[in-house]
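Values in this document were obtained by computation on a predicted structure and should not be read as measured data.
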Amino acid sequence: MSMNIMIWTIIGCAIVTWLPRIIPFLFVKHVKLPAIVMKWLSFIPICILSALVVENLLVSGEGITSLNWSVVFAFIPTLLLAIWTKSLSVTVLGGVISMAIIRIYLPI
């Protein structure tokens, strides 16, 4: 494959990835959305974060789903820290430190 084809392929992939993310913003830029739509949209970040957390808490294999105990042990202090500080950066840092400590000292 020549260098020109590779560069144009990368540029094309970037445009195809970028357009679906930008076009909706262009359509609603000057539109006043109803309050119920705005309320519904406000739940999207919470739902995405919850899905990511639950996905990591559970392990499935051979038809059985169980808890990933190392992640559970890191999740508990991280959740408490999040409730106590209400700071995203402190919560993320606390979660990384919790998981590092668990991986070093508790080989589960």
Side-chain angles (χ1 to χ4, degrees):
M1 184 182 299
S2 73
M3 188 62 108
N4 281 339
I5 292 174
M6 190 176 297
I7 290 173
W8 283 110
T9 302
I10 292 170
I11 290 171
C13 290
I15 290 171
V16 166
T17 302
W18 181 73
L19 282 177
R21 297 170 191 225
I22 298 302
I23 289 174
F25 289 108
L26 295 176
F27 283 128
V28 297
K29 185 177 180 181
H30 301 290
V31 175
K32 176 78 172 140
L33 296 173
I36 191 152
V37 173
M38 293 302 292
K39 179 140 178 94
W40 179 78
L41 288 173
S42 73
F43 291 112
I44 290 176
I46 297 167
C47 292
I48 291 171
L49 182 60
S50 299
L52 291 172
V53 168
V54 170
E55 177 188 18
N56 285 308
L57 286 173
L58 300 175
V59 177
S60 65
E62 300 178 13
I64 299 171
T65 301
S66 62
L67 289 173
N68 185 347
W69 288 106
S70 61
V71 176
V72 171
F73 291 144
F75 174 73
I76 292 169
T78 305
L79 179 64
L80 294 173
L81 192 62
I83 292 169
W84 182 48
T85 64
K86 294 180 179 45
S87 168
L88 180 61
S89 57
V90 171
T91 302
V92 169
L93 186 60
V96 169
I97 292 170
S98 296
M99 196 68 212
I101 290 170
I102 287 168
R103 286 190 176 171
I104 290 171
Y105 295 111
L106 295 174
I108 297 175

In Å, rounded to the nearest 0.5 Å, how long is the span from [atom1] of [X] to [atom2] of [Y]?
X     : Y     : atom1 : atom2 : result
Cys47 : Leu52 : SG    : CG    : 11.0 Å
Leu93 : Thr78 : CG    : OG1   : 10.0 Å
Ile11 : Trp18 : CD1   : CH2   : 13.5 Å
Glu55 : Leu57 : CD    : CG    : 10.0 Å
Leu41 : Ile36 : CG    : CD1   : 11.0 Å
Lys29 : Leu26 : NZ    : CG    : 7.0 Å

Using side chain to side chain contact (heavy atoms under 4.5 Å, CB included) as the criterion, list what pairs up with Leu49, not counting sequence neighbours.
Val53
Do [X] and [Y] sit in the same hydrophobic cluster, where Ile, Leu, Val, Met, Phe, Trp and Tyr count as joined when their side-chain heavy atoms come under 4.5 Å apart?
X      : Y     : value
Val54  : Trp69 : yes
Ile102 : Val96 : no
Ile83  : Leu81 : no
Val16  : Trp8  : no
Ile44  : Leu33 : yes

Among Leu67, Asn68, Val71, find the one that has a side-chain contact (heavy atoms from CB on, under 4.5 Å) with Val59.
Asn68
Just to verify, what does Ser87 make a side-chain hydrogen bond (donor to acceptor under 3.5 Å, both in side chains) with, not counting sequence neighbours?
Ser89
Which atoms form the tightest heavy-atom contact between Ser98 and Pro77, and what is the distance?
OG-CG, 3.7 Å
Taking the side chain as C-beta and beyond, is there a heavy-atom pair between Pro34 and Val37 under 4.5 Å?
yes
